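A quick write-up on the structure given underneath.
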Amino acid sequence: MSDLLTVENLGKTFTSRRFLSLRPDYQVTALRDVSFTVAKGETVGVVGESGCGKSTLARCVLDLIAPTTGAVRFDGTDLTTLASAEKRAMRGRIQMVFQDPYSSLNSKRSIGRTLAEPLYVHKGIRYRDALPRVREVLGEVGMPASAVDKYPHEFSGGQRQRIAIARALILEPDLIIADEAVSALDVSVQAQVLLLMRRIQQERGLSYLFITHDLGVLRNFCDRVLVMYLGRVVESGPVGDLLERPRHPYTRSLRDAAPVPDVSKRRALALLEGEIPSPANPPSGCPFHPRCPRATAICSQEAPVLADIEDTGRRVACHNPEE
Ligand code: SF4
């Protein structure tokens, strides 16, 4: 598979200004040196606790916020260097599905108008001419054509997420970034929406960058995974192998904290203690060292580099990885 998306050494630092205070402004590094690829037709998951930088990563890839350092190459073109008109053309090929379909859909706008809007913005197609395509894409996500004249409050959460997926599909993108796209749905509805996303992927050869905190969803839906902690990728690799044999202590803690249906198969837990540190004041060395059961002296002094593990397709950033 050839690479569709290449993210190289991406970094994002926010500066927070203190108004009415003599204290200096402070900086928060939300992303640090993040590199990965997404191949055509591949699903790459991103997992980590709240505040680990997952959503900032999605917004940088989508160019909703400008990265401080690094490059985002899409189909060979560096998005960070494009002029705004070229960026807009490229943006049609990358779409996003958000966690809460109710707030991401305009409650005062009919479904038809919502779905037709990207066609007008990107291609200048007027509403009347866009309607056949709108009805077609509603059919693709299992919604009736009559939804065109209805409003978001007339649908259930699962139906609204189908509509949000239809809006993402209407420009025929190559990559969809799904930011906790099924987290707010009931488990049965979640499964239906994931099956729908999988079917659409198979039909269109789409790629997904799939952000989630749910390891069950990750295991069933993704091909590869990036594990993030405090703005860095700490481990990556094929999802089955990585969750079966985590090498980074943080990945192992995440894996062990996930519920297991069969209690006889429950693992000896390596549960995390303490909170994720503030990105405004990260620990020295390895940022995980205050919470890590395997930390040694070097861990508080030197940040580990994300390095290949032989020819396994896996990478880990740890001075003392698990065997
Ligand atoms: Fe733990 Fe040290 Fe590895 Fe960081 S580098 S995860 S502190 S063992």
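First listed ligand is number 1; within each ligand, the first listed atom is number 1. Just so you know, residue 1 is the first one in the sequence shown, and it goes up from there. The model shown is predicted, which means the values in this text are computed figures rather than measured ones.
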Subject >> More than 12 heavy atoms from other groups under 6.0 Å of CZ on Arg88 >> reply: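 Atom CZ in Arg88 is not packed in, count stays at 12 or less.
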
**OP:** Please check if atom OH in Tyr127 has more than 12 non-hydrogen atoms from other residues, nucleotides or ligands closer than 6.0 Å.
**Re:**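 Yes.
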
Between [X] and [Y], is there a side-chain N and carboxylate O pair less than 4.0 Å apart?
{"X": "Glu172", "Y": "Lys123", "value": "no"}
{"X": "Arg73", "Y": "Glu8", "value": "yes"}
{"X": "Arg133", "Y": "Glu140", "value": "yes"}

Taking only heavy atoms of [X] into account, list the atoms of ligand 1 that are under 4.0 Å away from them.
{"X": "Cys299", "result": "2 (Fe), 5 (S), 7 (S), 8 (S)"}
{"X": "Arg294", "result": "8 (S)"}
{"X": "Phe288", "result": "6 (S)"}
{"X": "Pro249", "result": "6 (S)"}
{"X": "Asn320", "result": "8 (S)"}
{"X": "His289", "result": "7 (S)"}
{"X": "His248", "result": "6 (S)"}

Original post:
Do any of the N/O/S atoms of Cys292, backbone or side chain, fall under 2.8 Å from atom 1 (Fe) of ligand 1?
Top reply: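 True for Cys292.
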
Original post:
Do Met228 and Met96 share a hydrophobic cluster, counting only Ile, Leu, Val, Met, Phe, Trp and Tyr and linking them when any side-chain heavy atoms are less than 4.5 Å apart?
Top reply: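 Both belong to a single hydrophobic cluster.
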
Subject >> Closest approach of any protein heavy atom to atom 5 (S) of ligand 1, naming residue and atom >> reply: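 Of every protein heavy atom, His319 N, 3.2 Å lies nearest to atom 5 (S) of ligand 1.
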
Original post:
What's the shortest distance from atom 4 (Fe) of ligand 1 to any protein heavy atom, and which residue and atom give it?
Top reply: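 In this structure, atom 4 (Fe) of ligand 1 has Cys286 SG, 2.3 Å as its nearest protein heavy atom.
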
**OP:** Please confirm if an N, O or S atom belonging to Cys318, backbone or side chain, lies less than 2.8 Å from atom 3 (Fe) of ligand 1.
**Re:**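 A backbone or side-chain N, O or S atom of Cys318 is under 2.8 Å from atom 3 (Fe) of ligand 1.
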
**OP:** Of all the heavy-atom pairs spanning Arg93 and Asp75, show the shortest one and how long it is.
**Re:**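 Taking Arg93 first and Asp75 second, the nearest heavy atoms are NH2-OD2, 2.8 Å.
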
**OP:** Using the six-membered ring wherever Trp is involved, compare the ring planes of Phe288 and His248 and label them parallel, tilted or perpendicular (cut-offs 30° and 60°).
**Re:**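 Ring orientation of Phe288 relative to His248: tilted.
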
